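Just follow the structure's listing: the first ligand is 1, and inside any ligand the first atom is 1. Predicted model, so just to flag it, every value in this text is computed and none were measured. Basis for what follows: all heavy atoms, side chains included, without hydrogens, waters or symmetry-related copies.
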Amino acid sequence: MAGIKSRRLFARAQRAIPGGVNSPVRAFKAVGGTPVFAARGAGAYLFDPDGRRYADFCLSWGPLIFGHARKEIVFAAQAAMKNGTTFGAATEGEMLLAEAIKKAVPSIDLVRLTSSGTEAVFSALRLARAFTGRTLVVKFAGSYHGHVDSLLVGAGSAAATLGLPDSAGVPKAWAKTTIVLPYNDSQAVAGAFAQWGGDIAAVIVEPVAGNMGVVLPEPGFLQALKAQTARHKALLIFDEVITGFRLGLGGAQGLYGIRPDLTCLGKIVGGGFPLAAFGGRRDIMELLAPLGPVYQAGTLSGNPVAVAAGRKCLELLRRGNPYPALDAAARGFVREAEAAAQKAGVPVTINRAASMFTIFFAESPVTNFLQAKRADAKRYGKFFNGLLAAGVYFPPAQFEAAFLSTAHDAWVREQTLKALGRALNAL
Ligand SMILES: *Cc1c(COP(=O)(O)O)cnc(C)c1O
């Protein structure tokens, strides 16, 4: 249960902020209880205003691959800030970050920076529509691509349907521009192209899904998307806002060897600051203003403080190559968690890709959203609150990814596994 200070702050916040939060999942509605407020973070730990410490496996939903307040990143941001916090003019730093992104992700010839993943996604869609002269976009049920109007459809649709809005305020006409298909269903993708091929501008996919909980692409799925889009002259957009710099420097496309036409990046690329990016093939990206007719802009785009943090983060990743160690740590952690669940007699399915994973309270494999939704979200809520009481902060919802950072050393993992075993036993 949240401490007295968090509870007081939450009560007061609700008088000034809708629901007391600036992003809905922070309100703990999916797990019950009062949200823990964050006072500070250090390495693997989050501290609340009551002075309680939590081993943090939510990690701001993905950006913190080095944990909280990694000192080189903080110093880089501080140094940049002293020279001015925003210019609304081109800078050397943003050019260097663009070069670092290009080097890490070879499918990106040209890249533009934005302030959020949502912006990156809707800009990429506008561009794809302009390039192809088509309207429809294919997405997969259970995927999240930011709160882009036309993509707020299809949480849970298993059939190939033209979308209905999931959010009030999204015109039906916009939702209808989205075709929602089940994740990992290559057949459905072929069917959609057979039916609407000439009207499909793009397929957008999380190449490893993170927003229905972690769901891995089955062998051949991403290849089928590449083949279908190429054949029908539609674009393939990889939404690597989570997976970019998480699964490796080259993201999921590096890991699976697929070259998308456009890529969206966010989270890690900003080093914990509001920064995201979209990029890809030169002939497509050159349609952007000022070169071409597709308008896209931002007062704080390429913000120098965020850029400095992002550059330092990518530099640390390149120099330190923490990926093999992170993968091994996560593999061991998940194996132990599975053993603990078995010992407690609690059926779970744990999906993992590198240092991102989800513990589904489900018996059978989870390869799409329909299967994910069979997981016992109530049970997850109990598990979450058991962990929280023991000083472990997991994502406050079943259908989300948990993350490890380089700061989650053997001690943190071991202590967490003990708490996890107790939380499972108490279910
Ligand atoms: C987080 C996320 C987004 C949205 O990014 P914001 O910075 O929150 O706007 C888009 N796509 C995916 C896959 C994400 O996980």
| Does the N or O separation between E206 and ligand 1 drop below 3.5 Å for any pair? | no

| message | Show me which atoms of ligand 1 lie under 4.0 Å from any heavy atom of S116. | response | 7 (O), 9 (O)

| Are F28 and F384 close enough that their ring centers fall under 6.0 Å? | yes

| message | Do the side chains of E315 and R318 get close enough for a salt bridge, i.e. N-O under 4.0 angstrom? | response | no

| task | Identify, by atom number and element, the atoms of ligand 1 in contact range of Y144, meaning under 4.0 Å from any of its heavy atoms. | result | 11 (N), 12 (C), 13 (C)

| Residue pair A354 / A330: nearest heavy atoms and the distance that separates them | O-CB, 3.3 Å

| Parallel, tilted or perpendicular: ring planes of F193 versus H232, cut at 30 and 60 degrees | parallel

| Location of contacts on K267 toward ligand 1, heavy atoms closer than 4.0 Å | side chain

| said: Can you name the atoms of ligand 1, numbered from 1 with element, that are less than 4.0 Å from a heavy atom of I242? | reply: 15 (O)

| query | Parallel under 30°, tilted from 30 to 60°, perpendicular over 60°: which one fits the rings of F10 and F37? | reply | perpendicular

| field | Within reach of ligand 1, part of H145 (heavy-atom separation under 4.0 Å) | value | backbone

| Nearest-neighbour protein heavy atom for atom 11 (N) of ligand 1, which is reported as residue plus atom name and distance | D239 OD2, 2.7 Å

| query | What do you reckon, does G117 have a nitrogen or oxygen under 3.5 Å from a nitrogen or oxygen of ligand 1? | reply | yes

| request: Among all protein heavy atoms, pick out the one at the shortest distance from atom 8 (O) of ligand 1; state its residue, atom name and that distance to 0.1 Å. | output: T118 OG1, 4.5 Å

| Nearest protein heavy atom under 4.0 Å from atom 15 (O) of ligand 1, yes or no | yes

| field | Side-chain H-bond candidate by donor/acceptor type, Q296 with R126, under 3.5 Å | value | no

| request: Indicate whether any N or O donor in one side chain lies under 3.5 Å from an N or O acceptor in the other, for Q371 and T367. | output: yes

